[in-house]
Amino acid sequence: MSARFDAIGLVVSDMGASVAFYRRLGFAFPEGAEEQGHTEAELPGGLRLLMDTEDVVRSFHTEWEPPSGGGRTSFALRCDNPAEVDSLYEELVASGCRSELKPWDAAWGQRYATVLDPDGNGIDLFAPLATV
């Protein structure tokens with residue numbers, strides 16, 4: 001299997017406040033990140049911290065609601081290709097994992113799917129779409 005841990009994603013209610021907080025902790029977000037719906041900071045070892053506003057998440061997952069009584073994190077696993085996203089998703093669902101989002105081609109150029117771990121945390125599976 002070639003899926004590997006690539007990023008930690010947070011859904012935030014106030015991007016400006018979140019960027020300011022994480023910058024205080026040493027995360028290097030790009031200039032102007034506070035104005036964006038999505039931003040990323042590289043972490044040591046090549047991992048990334050991704051932040052999306054609630055509105056951005058609802059733009060592709062229309063029924064998404066903030067969790068009650070808990071966090072807003074998801075783990076993203078990069079696959080080698082779009083077909084692996086589909087096959088790994090099917091394997092996980094067949095083994096009893098709950099599906100959050102079936103595989104789909106995202107507007108930002110990736111094949112994407114989400115399953116839930118036993119505690120309900122999101123595990124995102126993704127791969128770049130082939131470019132022509």
Side-chain angles (χ1 to χ4, degrees):
M1 179 186 314
S2 61
R4 58 200 167 277
F5 189 53
D6 184 75
I8 299 167
L10 300 175
V11 179
V12 301
S13 57
D14 182 333
M15 184 64 79
S18 294
V19 167
F21 175 80
Y22 283 101
R23 279 184 175 153
R24 283 192 297 272
L25 297 175
F27 289 77
F29 288 97
E31 201 61 38
E34 355 11 278
E35 311 286 327
Q36 302 300 312
H38 171 85
T39 191
E40 303 181 8
E42 287 205 17
L43 304 175
L47 294 175
R48 298 171 297 144
L49 176 63
L50 316 176
M51 293 195 303
D52 293 285
T53 63
E54 293 175 353
D55 287 342
V56 166
V57 172
R58 284 190 188 103
S59 75
F60 62 86
H61 187 350
T62 57
E63 295 183 24
W64 182 86
E65 292 293 331
S68 60
R72 299 174 176 215
T73 60
S74 64
F75 296 98
L77 299 176
R78 182 182 179 127
C79 297
D80 282 342
N81 55 59
E84 187 179 18
V85 171
D86 292 359
S87 65
L88 184 54
Y89 170 85
E90 292 298 333
E91 177 185 326
L92 292 169
V93 170
S95 73
C97 287
R98 291 177 289 158
S99 170
E100 179 77 345
L101 288 172
K102 293 180 181 180
W104 57 289
D105 292 343
W108 53 86
Q110 294 174 332
R111 183 73 173 163
Y112 223 89
T114 304
V115 295
L116 301 177
D117 77 4
D119 295 309
N121 295 306
I123 307 299
D124 299 334
L125 310 172
F126 73 96
L129 292 171
T131 57
V132 181

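Atoms considered below: every heavy atom in the structure, side chains included; atoms not considered: hydrogens, waters and symmetry mates. As the structure is a prediction and not an experimental result, all values here were calculated from the model. Residues take their numbers from the sequence shown, with the count starting at 1.
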- prompt: Can you hop from F75 to V85 via hydrophobic side chains spaced under 4.5 Å?
  reply: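 F75 and V85: one cluster.
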- request: Indicate if L116 and V57 have the same hydrophobic cluster label, given that clusters are the connected sets of ILVMFWY residues with side-chain heavy-atom separations under 4.5 angstrom.
  value: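 No; tracing contacts between hydrophobic side chains, which count when under 4.5 Å, never links both residues.
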Within the 4.5 Å heavy-atom criterion, are [X] and [Y] side-chain neighbours or not?
X   : Y    : answer
Y89 : S99  : yes
F5  : L47  : yes
L92 : L125 : yes

Pairing residues for [X] by the side chain to side chain contact (heavy atoms under 4.5 Å, CB included) criterion, not counting sequence neighbours:
X   : answer
S18 : V12, M51
E90 : none
A3  : M1, L77, C79, L88
P44 : none

Can you name the closest pair of heavy atoms from [X] and [Y] and give their distance?
X    : Y    : answer
V56  : G37  : CG2-O, 3.4 Å
A127 : D80  : CB-C, 4.4 Å
A113 : K102 : CB-C, 4.2 Å
D117 : R98  : O-NH2, 3.6 Å
A106 : L129 : O-CD1, 4.2 Å
P128 : R78  : CG-NH2, 3.4 Å

Distance from [X] atom [atom1] to [Y] atom [atom2], nearest 0.5 Å?
X    : Y   : atom1 : atom2 : answer
I8   : L50 : CD1   : CG    : 8.5 Å
L101 : H61 : CG    : NE2   : 4.5 Å
D52  : W64 : CG    : CH2   : 10.0 Å

Test of understanding: with side-chain hydrogen bond (donor to acceptor under 3.5 Å, both in side chains), list the residues that count as partners of [X], not counting sequence neighbours.
X    : result
D6   : R48
W104 : none
E42  : none

field: Partners meeting salt bridge (charged side-chain N to carboxylate O under 4.0 Å, His left out) with D86 (sequence neighbours left out)
entry: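 Scan of D86 (salt bridge (charged side-chain N to carboxylate O under 4.0 Å, His left out), adjacent residues dropped) gives R111.
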field: By salt bridge (charged side-chain N to carboxylate O under 4.0 Å, His left out) - contacts of E84 (at least two apart)
entry: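 For E84 there are no salt bridge (charged side-chain N to carboxylate O under 4.0 Å, His left out) partners, ignoring immediate neighbours.
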field: All pairs passing ring pair (Phe, Tyr, Trp, His ring centres under 6.0 Å) where residues 32-58 contributes a residue, at least two apart
entry: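 Ring pair (Phe, Tyr, Trp, His ring centres under 6.0 Å) check on residues 32-58 returns no pairs.
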message: According to ring pair (Phe, Tyr, Trp, His ring centres under 6.0 Å), does anything in residues 13-33 pair up with another residue at least two apart or in another chain? List the pairs.
response: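 Pairs touching residues 13-33 that pass the test: Y22-F27.
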query: For the ring pair F126 and W108, is the centre-to-centre distance below 6.0 Å?
result: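 They do not qualify: ring centres at least 6.0 Å apart.
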field: Pairs flagged by salt bridge (charged side-chain N to carboxylate O under 4.0 Å, His left out) wherever residues 10-31 is involved - sequence neighbours left out
entry: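 Residue pairs with at least one partner in residues 10-31: R23-E34.
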message: Checking R58 against E65 for the side chain to side chain contact (heavy atoms under 4.5 Å, CB included) test, could you report, in this order, the C-alpha distance in whole Å, the side-chain angles of both residues, the deciding distance, and whether it holds?
response: CA-CA 8 Å; R58 284 190 188 103; E65 292 293 331; 4.1 Å; yes
